[in-house]
Participant: 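Have a look at this one.
When a residue number appears, it is its place in the shown sequence, counting from 1.
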Amino acid sequence: EVSPPLVVSRSALEGTSQLPKFEEDLFKIVPESHTCNGEDAFLIPTAEVPLTNMHADQILEEADLPLSYCALTPCFRAEAGSYGRDTRGLIR
């Protein structure tokens with residue numbers, strides 16, 4: 001079990017292909033309030049983003065695979081699809 005951070009950097013989201021495609025659906029934290037390693041900071045859209053970034057810039061050995069992780073996090077993103085598209089907020 002992993003307890004990942006709820007705030008990640010722009011590069012973490014780019015590395016998991018969340019940005020730039022889903023930027024309008026994400027919750028960006030204003031730079032005056034918080035940054036992440038000097039980059040824009042965002043609330044996580046899924047636990048996948050911080051979990052995947054635990055191994056960013058690593059080459060994993062085949063003998064060490066598969067890696068299994070479990071995490072329970074809130075997911076901060078705008079509602080997808082037409083329903084709720086004009087409603088933005090944390091509660092879905």
Participant: If every non-hydrogen atom of Cys75 is compared with every non-hydrogen atom of Thr46, which pair is closest and at what distance?
Facilitator: SG-CA, 3.8 Å
Participant: Do Ser11 and Glu39 have side-chain N/O donor and acceptor atoms under 3.5 Å apart?
Facilitator: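 Yes, because at least one side-chain N or O of Ser11 sits under 3.5 Å from a partner of the opposite role on Glu39.
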Participant: Is there a side-chain contact between Leu6 and Pro74 (heavy atoms, below 4.5 Å)?
Facilitator: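 Heavy-atom side-chain distance check passes, below 4.5 Å.
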Participant: Do Ile44 and Thr73 come within less than 4.5 Å of each other through their side chains, counting heavy atoms only?
Facilitator: yes
Participant: Is the shortest side-chain heavy-atom distance between Thr35 and Asp40 below 4.5 Å?
Facilitator: no
Participant: Does Phe42 reach the side chain of Leu19, with side-chain heavy atoms less than 4.5 Å apart?
Facilitator: yes
Participant: Starting at NZ of Lys28, measure out to OG of Ser33 and round the result to the nearest 0.5 Å.
Facilitator: 12.5 Å
Participant: Would you check if Tyr69 and Met54 make a side-chain contact, meaning some heavy-atom pair closer than 4.5 Å?
Facilitator: yes
Participant: Rounded to the nearest 0.5 Å, how far does CZ of Arg10 lie from CD of Glu23?
Facilitator: 4.5 Å
Participant: Would a hydrophobic clustering, with Ile, Leu, Val, Met, Phe, Trp and Tyr connected at side-chain separations under 4.5 Å, put Phe76 with Leu72?
Facilitator: no
Participant: How about CD on Gln58, more than 12 heavy atoms from neighbouring residues, nucleotides or ligands closer than 6.0 Å, or not?
Facilitator: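 Check passes, neighbour count above 12.
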Participant: For atom CG of Asn37, is the number of surrounding heavy atoms from other residues, nucleotides or ligands below 6.0 Å larger than 12?
Facilitator: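 Not buried by this count: 12 neighbours or fewer within 6.0 Å.
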Participant: Nearest 0.5 Å, please: how far is CZ in Phe22 from CG in Leu13?
Facilitator: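 The distance works out to 11.0 Å.
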Participant: List the atom of Pro45, the atom of Gln18, and the distance in Å for their closest heavy-atom pair.
Facilitator: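 What the structure gives for the nearest pair is CG-OE1, 3.7 Å.
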Participant: State the OG-CG distance between Ser68 and Leu51, to the nearest 0.5 angstrom.
Facilitator: 11.5 Å
Participant: Considering all heavy atoms of both residues, which atom of His34 and which atom of Ala41 are nearest to each other, and what is their separation?
Facilitator: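 Looking at all heavy atoms of both residues, the shortest contact is CD2-CB, 3.7 Å.
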Participant: Got more than 12 heavy atoms from elsewhere within 6.0 Å of CG, Leu67?
Facilitator: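 Count over threshold, so yes.
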